[in-house]
Amino acid sequence: MMLTVEISMYPFQQDYAPPILAFIKQLNTQAGLRVQTTATATLIVGEYGLVMRVLTEMLKWSHETLGKAVFVTKLIPGYAPE
């Protein structure tokens, strides 16, 4: 089953852009996903298990590497935008 996730990151620091850009850069290294970034969020599209595994790994990586942040997500199982 395909899964689409819309994710937005809100770092706990005044200079918020560098952590967001680092997160997106790291996300784009993940094989098997379609990643599309807009001004307000990033869409992640792929097989359900892969997307969930990558999200788990990316949230851990972000906390360990970039520090505290709030992530807002919307998950749409069974949907892949064209």
Side-chain angles (χ1 to χ4, degrees):
M1 172 175 46
M2 294 299 288
L3 175 64
T4 297
V5 175
E6 180 183 274
I7 187 167
S8 299
M9 178 184 187
Y10 300 92
F12 276 46
Q13 48 194 341
Q14 286 195 346
D15 191 14
Y16 58 86
I20 294 169
L21 295 173
F23 184 85
I24 293 167
K25 182 178 178 181
Q26 182 69 17
L27 183 60
N28 277 298
T29 68
Q30 306 297 315
L33 299 177
R34 190 170 78 208
V35 178
Q36 178 184 352
T37 301
T38 69
T40 58
T42 296
L43 287 179
I44 306 165
V45 181
E47 285 295 325
Y48 186 93
L50 174 62
V51 173
M52 294 304 286
R53 181 180 55 78
V54 168
L55 278 178
T56 300
E57 292 170 0
M58 287 296 302
L59 293 176
K60 183 176 188 278
W61 174 86
S62 175
H63 180 70
E64 293 173 349
T65 307
L66 306 172
K68 290 183 180 179
V70 170
F71 289 88
V72 177
T73 59
K74 297 176 188 174
L75 289 80
I76 310 169
Y79 174 74
E82 297 178 16

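Residue indices begin at 1 and follow the sequence shown.
Between Met9 and Ala69 the shortest heavy-atom distance is CE-CB, 3.8 Å. Counting all heavy atoms, side chain and backbone alike, Ala41 lies closest to Glu6 at CB-CG, 3.6 Å. The shortest non-hydrogen separation linking Pro81 to Thr4 is CD-OG1, 3.3 Å. Listed here is the closest heavy atom pair of Ser62 and Phe23: CB-CD1, 3.9 Å.
Atom OH of Tyr16 has 12 or fewer heavy atoms from other residues, nucleotides or ligands within 6.0 Å.
When the side chains of ILVMFWY residues are joined at heavy-atom separations under 4.5 Å, either directly or via intervening members, Val5 and Tyr10 end up in two distinct hydrophobic clusters. Linking Ile, Leu, Val, Met, Phe, Trp and Tyr residues whenever their side-chain heavy atoms come within less than 4.5 Å leaves Phe12 and Ile20 in two separate clusters. Val35 and Ile76 fall into different hydrophobic clusters, defined by Ile, Leu, Val, Met, Phe, Trp and Tyr side-chain heavy atoms under 4.5 Å apart, directly or through other members. Residues Trp61 and Leu21 do not share a hydrophobic cluster, defined by chaining ILVMFWY side chains whose heavy atoms lie under 4.5 Å apart. Cluster annotation: Tyr79 and Met1 are assigned to distinct hydrophobic clusters (Ile/Leu/Val/Met/Phe/Trp/Tyr, side-chain heavy-atom contacts under 4.5 Å, transitive).
For the atom pair CG (Leu33) and CG (Asn28), the distance works out to 9.5 Å, reported to the nearest 0.5 Å. The distance from the CD atom of Gln26 to the OG1 atom of Thr65 is 7.5 Å, given to the nearest 0.5 Å. Here CG of Leu27 is found 7.0 Å from OG1 of Thr37. Values are rounded to the nearest 0.5 Å.
With contacts defined as side-chain heavy-atom distances shorter than 4.5 Å, the pair Leu75/Leu3 qualifies. When side chains are defined from C-beta on, Leu55 does not count as touching Met58, because their heavy atoms never get closer than 4.5 Å. Looking only at side-chain heavy atoms (C-beta outward), Leu66 and Pro11 stay at 4.5 Å or farther from each other. Counting heavy atoms from C-beta outward, Lys68 and Gln13 have side chains that stay 4.5 Å or more apart.
Every residue two or more places apart in sequence or in another chain was checked for a ring pair (Phe, Tyr, Trp, His ring centres under 6.0 Å) with Tyr48, and none qualifies. With sequence neighbours excluded, no residue satisfies side-chain hydrogen bond (donor to acceptor under 3.5 Å, both in side chains) with Lys25. Listed by chain and number, the residues in a side chain to side chain contact (heavy atoms under 4.5 Å, CB included) with Met2 are Val45, Glu47, Ala80 (sequence neighbours excluded).
Using modelled atom types, no side-chain atom of Ser8 and backbone atom of Val72 make a donor-acceptor pair closer than 3.5 Å.
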Can you check side chain to side chain contact (heavy atoms under 4.5 Å, CB included) on Ile44 and Ile7, steps first, answer last?
CA-CA 8 Å; Ile44 306 165; Ile7 187 167; 3.9 Å; yes
